[in-house]
Amino acid sequence: MKYYNLKNHFEKIDFREATIKGQGQEKGLFFPGNIPQLDEEFIQNLPQYSNEEIAYRCMKDFTGDEIPSEILKEIVAETVRFEIPLVKINDQISLLELFHGPTLAFKDIGARFMSRCLAYFLKDQKKKVTVLVATSGDTGGAVAHGFYKVPQIDVVILYPKNRVSPVQEKQLTALGENISALEINGSFDDCQNLVKQAFSDEEINRHLFLTSANSINVARWLPQQIYYLIAIKQWLTHYHENPVICVPSGNFGNICAGLLAYFRGLPAHHFIAACNANKVVPDYFKTQNYQPQKAVATLSNAMDVGDPSNFVRILELFGHQFETVKNKISAYSIDDDQTMNTITEVYKKYGYILEPHSAVAFAAMEHYLKENPEQKGFILGTAHPVKFPDAVEKAIQNSIEIPESLNDLMKKEKKTVEINSDFEELKRFLLHKI
Ligand SMILES: *Cc1c(COP(=O)(O)O)cnc(C)c1O
């Protein structure tokens with residue numbers, strides 16, 4: 001399989017290079033050269049397959065002969081080695097719990113797959129790679145755990161001081177070993193700017209081989225298709241009609257993976273992009289005019305994105321046909337008040353605890369079902385409520401239990417290096433680790 005750069009179709013590379021590079025010239029995203037179809041027989045019989053087998057069948061065409069099948073089988077088995085249950089909330093809405101991985105967020109799946117591919121590709125090389133990421137909370141933890149103790153790889157994570165939740169902070173800062181956490185006196189945007197500067201700094205690039213682990217990397221994006229198939233496997237044992245699939249969306253990598261799976265043969269009646277107050281895409285659907293905006297802060301902060309990078313991949317999938325996109329996807333914007341009310345109501349009515357991102361999806365799904373009452377479907381539950389305790393406890397007027405798996409982590413010591421939002425300080429750290 002070859003991947004081409006969406007900004008320059010002449011730049012074509014293989015999976016290995018796309019994984020190592022992350023993005024192409026002019027910051028273009030890579031896109032698969034063809035859309036490999038899934039076997040019809042395989043889709044109809046999904047309930048008979050193990051999650052490992054589903055994951056392997058899903059990924060093998062994308063890695064081709066660049067990863068031997070025995071190794072790929074190990075990688076995907078580790079990628080999906082936790083529960084991914086589809087839970088019924090009411091007669092029309094179910095929720096796919098994607099938060100039983102090590103950092104309690106769906107990003108664990110992409111991060112685990114990518115880290116293992118990168119480790120495989122680098123294993124015979126002498127050079128060390130430094131993975132540099134900025135995080136507003138969830139990405140950092142998933143990347144840290146994905147790359148923890150992976151040989152040849154150092155990870156440096158920048159996060160805004162005092163702006164991530166206690167669980168998120170421990171997930172970033174307590175591992176040690178090859179993971180360094182930099183606590184930045186500044187905002188998430190400052191962290192991102194510092195990372196961008198580092199990538200374009202000559203001196204740093206002379207000394208270090210930097211790569212990013214953000215969601216535009218194909219090795220993080222593509223494995224997200226796997227859990228759509230695992231959802232359908234469970235869906236088919238209960239329902240005959242195709243589901244409506246609603247995805248809480250920020251950078252649009254997650255929903256774009258679902259749409260790719262749909263183009264390969266995944267049964268889906270319709271997709272919903274559930275956004276918070278950051279509504280570039282809902283506005284685009286109304287006006288056909290894509291207008292990037294400055295991100296505004298919301299309760300569902302992992303979706304505070306003003307110019308979603310993966311949206312171009314969706315347009316590419318649909319051949320840039322606005323009407324076709326609009327027929328298959330609806331987009332809704334849900335504000336913080338609606339988010340809080342949804343958490344309260346769902347807890348009262350069904351005893352289920354949503355966190356802010358899943359609540360945005362639940363509210364969007366309810367809007368859609370009001371207009372399409374004969375439909376049914378599921379939303380993607382992208383994080384565990386314990387990662388967002390303030391909003392959740394306020395909404396349900398009750399305390400939430402910390403899952404046992406977190407007890408040890410919460411007892412560990414936080415290890416960080418605090419720096420100002422100053423590129424020279426970051427540079428000193430990267431070059432001398434001080
Ligand atoms: C990252 C994240 C999202 C948004 O996913 P995208 O692929 O960026 O659209 C939604 N919910 C949670 C909890 C996240 O961490």
Side-chain angles (χ1 to χ4, degrees), residues 1-38 58-67 72 110 113-114 117-118 120-121 129 131 192 195-196 199-200 205 209-226 228 247 249-266 271 273 280-281 284-285 287-292 305-329 331:
M1 170 80 75
K2 286 279 182 198
Y3 295 80
Y4 61 91
N5 180 342
L6 288 177
K7 287 231 173 102
N8 171 4
H9 290 205
F10 293 109
E11 187 186 358
K12 286 197 178 76
I13 61 176
D14 57 21
F15 181 75
R16 178 179 186 280
E17 213 182 331
T19 300
I20 295 172
K21 271 194 174 162
Q23 57 188 11
Q25 295 154 9
E26 301 169 58
K27 302 205 167 80
L29 274 64
F30 289 112
F31 194 85
N34 64 71
I35 309 290
Q37 292 302 299
L38 293 161
C58 176
M59 295 310 295
K60 68 178 173 40
D61 291 332
F62 292 99
T63 55
D65 53 13
E66 292 165 68
I67 301 182
L72 182 64
F113 184 82
M114 178 186 165
C117 290
L118 201 53
Y120 173 73
F121 292 139
V129 168
V131 174
Q192 251 184 331
V195 166
K196 275 189 197 149
F199 275 104
S200 53
N205 285 291
F209 187 80
L210 289 184
T211 187
S212 83
N214 61 20
S215 63
I216 61 178
N217 193 302
V218 292
R220 257 191 76 185
W221 170 50
L222 296 170
Q224 298 180 120
Q225 297 172 87
I226 297 169
Y228 286 88
V247 188
S249 296
N251 227 349
F252 279 69
N254 196 2
I255 190 169
C256 185
L259 289 161
L260 174 61
Y262 164 72
F263 275 89
R264 301 176 65 199
L266 178 101
F271 281 85
V280 202
V281 174
Y284 167 76
F285 279 92
T287 61
Q288 203 177 338
N289 180 15
Y290 183 89
Q291 201 63 53
V305 180
D307 184 9
S309 349
N310 280 290
F311 197 64
V312 286
R313 284 191 171 132
I314 296 183
L315 296 179
E316 186 76 5
L317 268 174
F318 283 89
H320 299 266
Q321 298 297 312
F322 180 70
E323 288 305 322
T324 333
V325 182
K326 241 181 94 164
N327 281 336
K328 198 65 198 174
I329 314 173

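In what follows, residues are counted from 1 in the order of the sequence shown.
- Here OG of S212 is found 13.0 Å from NZ of K21. Values are rounded to the nearest 0.5 Å.
- For the pair Y4/E316, a side-chain contact is recorded, criterion being any heavy-atom separation below 4.5 Å from C-beta on.
- Ring geometry, F322 versus F285: the interplanar angle falls from 30° to 60°, so the pair is classed tilted.
- When side chains are defined from C-beta on, I35 counts as touching L260, because their heavy atoms get closer than 4.5 Å.
- The CD1 atom of I255 lies 6.0 Å from the OH atom of Y228; values are rounded to the nearest 0.5 Å.
- Nearest heavy-atom pair across F15 and C117 is CE2-SG, 4.0 Å.
- For the pair Q37 (side chain) and F263 (backbone), a donor-acceptor distance under 3.5 Å is present.
- Between the side chain of N251 and the backbone N or O of G253, no donor-acceptor pair lies under 3.5 Å.
- Atoms CD and CD, from E26 and E11 in turn, are 9.0 Å apart once rounded to the nearest 0.5 Å.
- N205 contributes a side-chain N or O that, together with a main-chain N or O of F199, makes up a donor-acceptor pair within less than 3.5 Å.
- A 4.5 Å side-chain heavy-atom check between V312 and F31 finds every atom pair outside the cut-off.
- Put simply, the side chain of V280 does not reach to within 4.5 Å of the side chain of F311, judged on heavy atoms.
- Considering all non-hydrogen atoms of both residues, A257 and W221 come closest at N-NE1, 3.4 Å.
- In terms of heavy-atom proximity, F252 sits nearest to P308 at CD1-CB, 3.6 Å.
- Looking at L315 and Y284, their side chains come closer than 4.5 Å, going by heavy atoms from C-beta outward.
- To the nearest 0.5 angstrom, F30 atom CZ is 9.5 Å from L6 atom CG.
- Nearest heavy atom pair, residue S309 against residue L29, reads O-CD2, 3.4 Å.
- Within the 4.5 Å cutoff, side-chain heavy atoms of T211 are placed close to those of L118.
- Inter-residue side-chain proximity for V218 and R313 is flagged as met; some heavy-atom pair is nearer than 4.5 Å.
- The only option from F62, Y120, F113 that meets the side-chain contact (heavy atoms from CB on, under 4.5 Å) definition with L72 turns out to be F113.
- By the neighbour-count criterion of 12 heavy atoms within 6.0 Å, atom CG of D65 is sparsely surrounded, having that number or fewer from other residues, nucleotides or ligands.
- Between I329 and I314, some side-chain heavy-atom pair lies under the 4.5 Å cut-off.
- The structure places CG of D61 at 11.0 Å from CG of L222, a figure rounded to the nearest 0.5 Å.
- Scanning all heavy atoms of the two residues, the minimum distance from V131 to A213 falls at CG1-CB, 3.6 Å.
- Side-chain contact, N217 with R220: no donor N or O sits under 3.5 Å from an acceptor N or O.
- From N254, atom CG reaches atom CD of Q225 across 11.0 Å, with rounding to the nearest 0.5 Å.
- The heavy-atom pair separating C58 from R264 by the smallest distance is O-NH1, 3.1 Å.
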